Each structure stands twice: as structure tokens, then as C-alpha cells.
2 protein chains.
Amino acid sequence: MHVSVTIKDVAKKANVAPSTVSRVISDSPRISEKTKRRVRKVMDELGYHLNYNGRVLVSQSTQTIGIVTKVASVHSFDNPFFSELLRGISDACHEKDYSIYLTTGNTEESIYREVVKMVQGKRVDGVIVLYSREDDNVVPYLRECNFPFVMIGKPVSHTSDTMFVDNDNVQASKEVTDYLIGLGHQKIGFVGGDSHYEVARDRLSGFKLSLREQGLELTEDYLKNIQSGKADAETVVEELLQLTEPPTGLVITDDYNSMKVMRALEDKGIRLPDEMSIVGFNNTMIARLSKPPLTTVDTQSFQLGHESARSLIELLNHPDMVKKSIIIPTIIVERESCIRHKVEKSESEQDYQAPH
Amino acid sequence: MHVSVTIKDVAKKANVAPSTVSRVISDSPRISEKTKRRVRKVMDELGYHLNYNGRVLVSQSTQTIGIVTKVASVHSFDNPFFSELLRGISDACHEKDYSIYLTTGNTEESIYREVVKMVQGKRVDGVIVLYSREDDNVVPYLRECNFPFVMIGKPVSHTSDTMFVDNDNVQASKEVTDYLIGLGHQKIGFVGGDSHYEVARDRLSGFKLSLREQGLELTEDYLKNIQSGKADAETVVEELLQLTEPPTGLVITDDYNSMKVMRALEDKGIRLPDEMSIVGFNNTMIARLSKPPLTTVDTQSFQLGHESARSLIELLNHPDMVKKSIIIPTIIVERESCIRHKVEKSESEQDYQAPH
DNA sequence: TATCGATATGATATCGATTTCATAATTTGA
DNA sequence: TCAAATTATGAAATCGATATCATATCGATA
């Protein structure tokens with residue numbers, strides 16, 4: 001490895017003091033153009049490059065932000081939603097010349113330790129927490145030591161004094177349920193994710209809200225969760241199909257899960273979308289490429305990531321700014337996974353609705 | 001933000017010298033147990049936590065590794081292959097207590113600048129380059145300044161003195177082409193990615209090798225590329241179908257592209273797998289969830305990432321170690337996107353095939 | 001010409017840790 | 001019991017940069 005040339009080496013060769021070199025680096029107006037030129041020339045000759053660690057130590061600022069996420073959750077590496085978030089964050093960081101530092105832990109405990117290390121070890125200036133979760137200890141920790149952070153998702157508590165970027169998930173979920181109802185579906189199932197996450201609850205309540213407003217009854221049997229370690233898509237599908245009156249439409253809170261459910265349904269011989277309409281969430285690339293292409297709620301994950309990074313950086317530069325929160329609008333993007341429900345002739349006369 | 005407590009504060013309160021505290025932190029055997037206990041107690045009371053930047057400055061080691069990737073390539077954020085790589089890297093880093101630093105640039109130029117910043121600015125101890133590309137300037141730069149790095153993919157040059165982790169891509173590609181031929185396909189197309197990448201070339205030559213060995217003729221018209229900014233899946237499919245004798249099987253060098261092609265084919269009314277057999281690469285989650293589920297070459301991307309990080313860390317700890325390279329085996333995972341090709345009666349009677 | 005005010009640069013302390021060298025305290029051996 | 005060897009700790013330099021304060025130089029003004 002090549003030997004580093006420091007500010008002192010430059011200073012010596014250029015016959016100036018280290019402080020002068022430092023000023024040249026920051027292009028201070030207090031140094032004459034003549035000296036600047038000379039010093040810069042020497043820097044070139046010597047191949048000088050600034051060592052960040054030295055600067056970090058005195059400036060107490062790393063110009064890097066930490067990303068906290070959990071493996072094995074919706075917010076995790078193998079979900080394209082995560083990638084989009086990351087891409088948005090990365091993009092914003094690049095704009096502002098910030099760097100990204102990633103947690104690598106697998107368990108709650110190890111993630112917590114890593115966050116402490118990032119924060120106390122002063123490795124990052126601020127943190128973006130990619131989830132909002134009820135029994136989480138990272139956020140309370142950050143709050144306690146008053147460390148700058150932004151979360152993606154609605155905080156479980158302290159909503160007014162924490163910065164967050166989120167969608168209006170209950171509204172989004174309500175709209176998409178309305179959409180299914182508008183298509184004539186009456187028996188609609190809900191397949192959520194891990195209910196420890198705030199986003200899961202919001203989407204569930206949006207779903208319920210829609211049913212209520214539209215005068216449909218809530219069937220507990222239609223409410224399912226896909227949760228790693230507990231219920232997978234196959235189980236959920238099985239349970240749903242075993243019901244005497246299986247749903248004809250499904251609101252599934254994540255594209256990835258939607259895909260899994262679609263495959264499980266087809267394994268059971270259900271034709272899509274004919275026998276089951278499905279809407280997903282996030283509008284990831286899998287929604288575009290699935291078969292049938294998935295109608296989904298675009299949560300604009302790139303924007304979510306982008307805004308969170310922008311806000312955090314703004315907060316870092318203006319520590320006293322008001323802790324605003326940002327709501328990114330959602331859009332239903334219609335593709336081919338939903339069809340108008342065909343009225344069945346059957347027992348009672350629910351059949352005799354007017355055709356549309 | 002809370003005020004930091006430093007080693008000096010601890011020293012003062014515990015009535016010892018800063019050097020003693022430092023020794024307690026590193027659990028030096030030269031400090032008596034009694035003193036250690038006392039100092040540790042004070043550290044607890046004061047809520048002391050080590051500041052990494054101070055340590056980094058003297059130890060000249062950051063315990064973090066940089067990841068270099070390009071947005072908008074196979075190796076990019078929106079491809080699940082990338083996520084798997086990242087997961088593998090992250091996992092290995094966590095094991096060894098290393099941290100991850102991510103590049104955020106979009107253009108070749110900005111990525112190059114970021115790498116220089118990482119390297120010269122001493123922000124990372126080593127880097128993993130997630131691609132191997134012909135006209136790349138990052139790798140030559142790293143080589144020139146003798147900075148530790150590992151690449152994923154086969155180096156364009158200097159193969160023997162650079163560490164890399166790769167699959168045997170020509171072999172893998174040959175095998176999977178053999179597989180298609182073994183299924184009775186004679187007219188096989190190849191859909192590659194950006195041909196600037198080494199991996200694309202290797203897979204193409206494996207493909208050609210297979211044809212040659214199996215005594216099939218190479219049809220130039222069957223060789224296509226999906227390349228952002230140039231040809232997309234729709235174009236490729238259109239071109240392929242316009243041929244007087246379209247292929248009956250397709251080797252596509254990435255699952256993601258396979259999916260796109262599959263959708264494009266279906267848009268053209270081609271039934272899958274009946275009218276076109278397809279194999280992909282990487283065995284990402286989209287292969288599992290696609291319809292039909294995709295037969296694909298498992299490149300074991302998690303392992304690829306994992307091994308690259310392990311190797312790099314090993315290199316960092318033993319700078320003089322031999323620059324070994326690691327080849328991760330590939331496995332064809334058969335799913336439902338390929339079927340045995342039904343032998344056609346010659347042109348004239350090809351309609352009179354037996355129904356199946 | 002003496003003084004003041006810019007302007008340009010240097011000397012030095014500092015950020016928070018580690019490490020080398022020195023020294024004090026304790027134990028060992030003769 | 002005293003020198004030698006060991007053990008435990010402290011003082012100070014250091015990593016590479018920045019920032020504060022001091023000083024030298026120069027031109028302008030009275």
C-alpha cells in the first residue's frame with residue numbers, strides 16, 4: 001500500500017505552514033491566489049488527498065448517514081421495496097455529497113448494538129430507520145440520546161416531534177378496497193404482513209374502514225397475515241380456500257406477498273384473475289412483471305427514500321428546524337389482476353343485482 | 001445532542017491516566033483487575049462509549065469495507081441479484097464485525113470520484129467491486145494504488161494477481177444450453193445483457209461452445225442483447241419472432257431479463273412454456289415466483305457476496321496472502337419454463353403434429 | 001514619517017483515541 | 001536486607017486535519 005502524503009508533507013515542500021495548506025483546501029479567501037497556486041501545484045505533484053478521518057475528528061461531522069433495517073421483514077434486502085427505498089436514499093445522498101453506512105445485523109439485538117455503535121461511535125451524523133415497529137428499541141434509543149433520525153413509516157408514538165416520511169396508509173388501503181368493491185366484490189380478504197409493523201396496522205384499518213363505509217360486513221376469517229416464522233402464503237391460501245365462502249378479491253399489503261399468494265392460488269387450481277382479484281402494494285418491478293400483471297398501490301418507494309434522506313440532511317444542517325413529517329401520495333396503478341366480479345346465481349337472491 | 005464523554009473524562013473520574021483507560025478498553029493484561037473494575041465502573045456511570053474516529057486515526061484502519069456498484073446494470077439496485085449479493089456481503093461483514101459503506105453514484109464518472117474519495121480519504125480498508133467490466137477505470141485505479149479489493153466476476157486482465165469470486169460462467173452457460181438441447185431444442189436463442197461486462201461474454205461463449213460441441217449451427221440472428229438505452233425486451237422479442245424460423249428455446253442471462261422477455265412473449269400471444277422454453281440465470285426470487293416458474297442457473301449469489309467479503313477481510317488481515325480466486329459452483333434448478341421440444345414434421349406437414 | 005488597519009501567513013492547541021517510553025511500586029532472589 | 005526483575009501505571013507524542021490567536025508585512029492615511 002502506498003504511503004500517505006499528509007498536509008504536513010505538502011506544507012513542507014511548499015514552504016508554508018500546515019494551516020495554510022488546510023486553508024487552501026477549503027479555498028479560504030484569506031490566502032493569496034499566488035500561494036494557493038503554489039500549494040495546489042505541490043499537492044498535485046505529491047498526489048495529496050485529504051484524509052477524512054482527520055477532518056471528522058475535529059469537525060465532529062462525518063457527512064454520512066446510517067441506514068437501519070431488519071433482515072427478514074418487508075423492509076429487507078430480498079424485497080424489491082427495500083431496494084427502491086435504498087435507491088432513493090442513495091440518490092439523495094449523492095446529491096448532497098453524503099455517504100451511506102449500512103447496518104448488517106440479523107437479529108433485533110445485533111441491530112440494536114450496531115446502532116449504538118454507529119451513534120455513540122460517531123460513525124454517522126444521522127440515521128434513517130426504514131421501519132416503524134411497535135416493540136422496537138432502536139427508535140426509543142435514538143430519541144433518548146437525542147440523535148438526529150428520520151423514520152420511514154408513521155412513528156408508534158411521539159408523532160409530533162419525530163420526523164417521518166410515510167404514505168397515508170389507511171387512506172391508500174381504503175381506496176384500494178373501495179376499488180375492489182367498486183368492481184363488484186363483496187367478499188374481500190385481507191392479507192397483511194407482520195402486524196408488529198405500524199404500516200400493517202394502518203393498512204388493516206384502512207381496509208376495515210372501507211368495508212364499514214361501503215356497508216359490508218367484516219368477516220374475521222378473511223383477515224390473514226403472512227409472517228415469517230408463522231404463516232406463509234401457502235397456509236394463508238389454504239385457509240382462505242377452505243372457507244365455505246372464499247373471498248373473491250384480496251387486498252395484499254405487499255407485492256412480494258401478492259406474488260407468493262398468486263402462485264399458491266394457482267397451485268390450487270384457481271385461475272387468475274378470473275376466480276380471484278388481487279391488489280398489491282408498492283408497485284415494485286415484480287408487479288409489472290407478474291402474470292397477470294398486478295394491480296397495485298404505488299407507494300412511490302423511491303420518493304419515500306429520497307425524501308427521508310433529504311429531510312435528514314436538512315435536519316443535520318438545521319438542528320433546530322421544526323420536525324416536519326412528509327406524506328407521499330399513493331396512486332393505484334391498474335393492471336390486470338383484478339376483474340369485475342361476476343354475479344353468481346346461488347342460494348338467496350343476492351344474484352338478482354342488475355348487471356353492469 | 002448529548003455531550004460526549006471521552007476517555008479523558010473517564011480517566012479523571014477514575015483517577016487514572018487516559019492511557020490506562022485505553023488499556024482497559026482493549027482489556028490489556030498489563031492492567032490489574034482491580035483497576036479494570038474501577039475504570040469500567042466509571043465508564044458505566046458516565047455512559048462512556050468509544051469514539052471510532054479517534055481510534056481510526058491512530059490505527060489507520062476503519063473496519064469497514066466499501067461496495068462499488070453501478071446503478072442501471074445487472075448489478076444494480078433494482079435487480080434482486082444485487083440484493084442477494086448485498087445480503088451475502090452484509091452477512092459476512094457482520095460475522096467479522098466489519099461495517100459497510102456504499103457508493104451512491106449514478107454515472108461512471110461520479111462512481112470513480114466516490115471510489116477515489118473512499119480510498120484516498122481512508123474511509124474504508126478495502127472494497128468489493130460488484131462487476132467486471134471492460135472499459136472500467138475503477139479497477140485499474142485500485143490496482144495502481146495497490147488498494148485491497150476483491151471483485152465479483154472474472155477480471156478483464158491481471159487475472160492471476162487479483163482476488164475475485166466468480167462462477168464458471170462459460171461452463172454454466174454451456175451446461176444450461178446443453179440442457180435445452182437435451183430437451184430436443186435445436187433452434188436456441190441467446191439473450192445477453194450489456195456486453196461490456198465480462199459475465200456477458202463468458203455466458204455467450206459458453207452458449208456457443210455448447211452449440212459447437214453438440215454439432216448445432218450458430219445462427220447470428222438468434223443472438224440478442226438487452227441493454228438499457230439500446231434494446232429492451234420488447235424489441236428483442238419482436239426481432240426474434242419476426243425471423244422465418246424463430247427459436248424454440250431461449251437462454252437468457254438474467255432472471256430479471258427473463259421475466260421481461262416472458263411478458264413480452266405473452267403479449268405477442270406466445271404460450272409459455274409450450275411455444276418457447278426459457279432458462280434464466282441467478283435463481284432470484286423472481287424465478288421462483290414467475291409464471292411459469294423459471295428454470296434457471298443458480299449462481300448462488302448470496303455465496304458470491306459472502307465469499308467476496310470473507311476473502312477481502314482475510315486479505316486485509318494478511319496483506320501478503322496469495323491472491324486466490326474462488327469459483328462458486330452453479331446448479332441448474334429445474335422448474336417449469338422448459339419443455340421437451342416436440343419434433344416437427346418438416347415444414348409442409350408441421351401442422352399435422354399429434355396433439356399432446 | 002509614524003500609526004493604523006488590512007491582508008497574509010505561521011505557531012499551536014485541539015479533536016479522541018493509541019502507543020512508546022519512562023517511572024513508580026512491588027515482588028523476587030541471593 | 002538490598003539489588004534486580006517484574007508489574008502496574010503515567011506522561012507525552014502521535015495519527016491528520018482544523019481553528020484560534022498571534023505576528024509579520026504592506027499600503028494608506030494623518
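Each chain gets a letter, A, B and so on, in the order its sequence line appears, and its residues count up from 1. All values reported here derive from a predicted model rather than from experimental measurement.
With hydrogens and angles ignored, no donor-acceptor pair under 3.5 angstrom links the side chain of R30(A) to the base of dT20(D).
Protein atom CG of L46(A) is 15 Å distant from nucleotide atom C1' of dG16(D), rounded to whole Å. To the nearest angstrom, P of dG16(D) lies 16 Å from CE of M43(A). Taking atom CG of residue L50(A) and atom C1' of nucleotide dG16(D), one finds them 9 Å apart after rounding to whole Å. Put simply, CD1 on I7(B) is 8 Å from C1' on dT18(C), counting in whole angstrom units. Between the CG atom of D9(A) and the P atom of dG16(D) there is a distance of 8 Å, rounded to whole Å. Between the C1' atom of dT18(C) and the CG atom of N53(A) lies a distance of 15 Å, rounded to the nearest Å. Taking atom CZ of residue R55(A) and atom C1' of nucleotide dT14(C), one finds them 16 Å apart after rounding to whole Å. One atom, CG of L57(A), and another, P of dT18(C), lie 12 Å apart when rounded to the nearest Å.
Each end of the helix from dT1(C)-dA30(D) to dA30(C)-dT1(D) gets its own axis, taken as the rotation carrying the C1' atoms of four end pairs onto the next four within a five-pair window, and the two axes meet at 60° to the nearest 10 degrees.
Distance from the side chain of V16(A) is smallest for dG10(C) among the nucleotides dT18(C), dT18(D), dG10(C). The side chain of S19(B) has dA11(D) as its nearest neighbour among dT9(D), dA19(D), dA11(D). Counting only heavy atoms from C-beta on, T35(A) has its side chain closest to dA8(C) among dA8(C), dA11(D), dA11(C). Relative to the side chain of V58(A), the nucleotides dC15(D), dT18(D), dT9(C) differ in distance, and dT18(D) lies closest. Residue R23(B) places its side chain closer to dA11(D) than to any other of dT18(D), dA11(D), dA8(C).
For the pair Q60(B) and dT14(D), the criterion of a side-chain N or O lying under 4.0 Å from OP1 or OP2 is not met. Contact between the side-chain N/O atoms of S32(A) and the OP1/OP2 oxygens of dT9(C) is found at a separation under 4.0 Å. The phosphate of dA17(C) has OP1 or OP2 within less than 4.0 Å of a side-chain N or O from Y48(B). Between dT18(D) and S22(A), a contact under 4.0 Å exists linking OP1 or OP2 to a side-chain N or O.
A side-chain donor-acceptor contact under 3.5 Å links T35(B) and S32(B). A donor-acceptor contact closer than 3.5 angstrom is absent between the side chains of T69(B) and Y131(B). Side-chain contact of S99(B) with Y101(A): a donor-acceptor pair under 3.5 Å is present, judged by distance alone. In summary, the side chains of K122(A) and T62(A) do not present any donor paired with an acceptor at a separation below 3.5 Å, with no hydrogens or angles considered.
Around atom NZ of K36(B), more than 12 heavy atoms belonging to other residues, nucleotides or ligands sit under 6.0 Å away. R310(A) CZ: 12 or fewer foreign heavy atoms inside a 6.0 Å radius.
Nucleic acid contact class of N15(A) (heavy atoms, under 4.0 Å, all strands): sugar-phosphate only. Residue N51(B) is in sugar-phosphate contact alone, with no base atom involved, counting any heavy-atom pair closer than 4.0 Å across all strands shown.
The aromatic rings of H49(A) and Y52(A) are tilted relative to each other, their planes meeting at an angle between 30° and 60°.
Mapped onto DNA chain D by nearest heavy atom, K8(A) and I25(A) fall at different nucleotides, with K8(A) at the one closer to the 5' end.
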Tell me which donor-acceptor pairs under 3.5 Å the side chains of residues 10-24 of chain B have, and how far apart each pair is, sequence neighbours excluded?
{"residue": "K13(B)", "atom": "NZ", "partner": "E45(B)", "partner atom": "OE1", "Å": "3.0"}

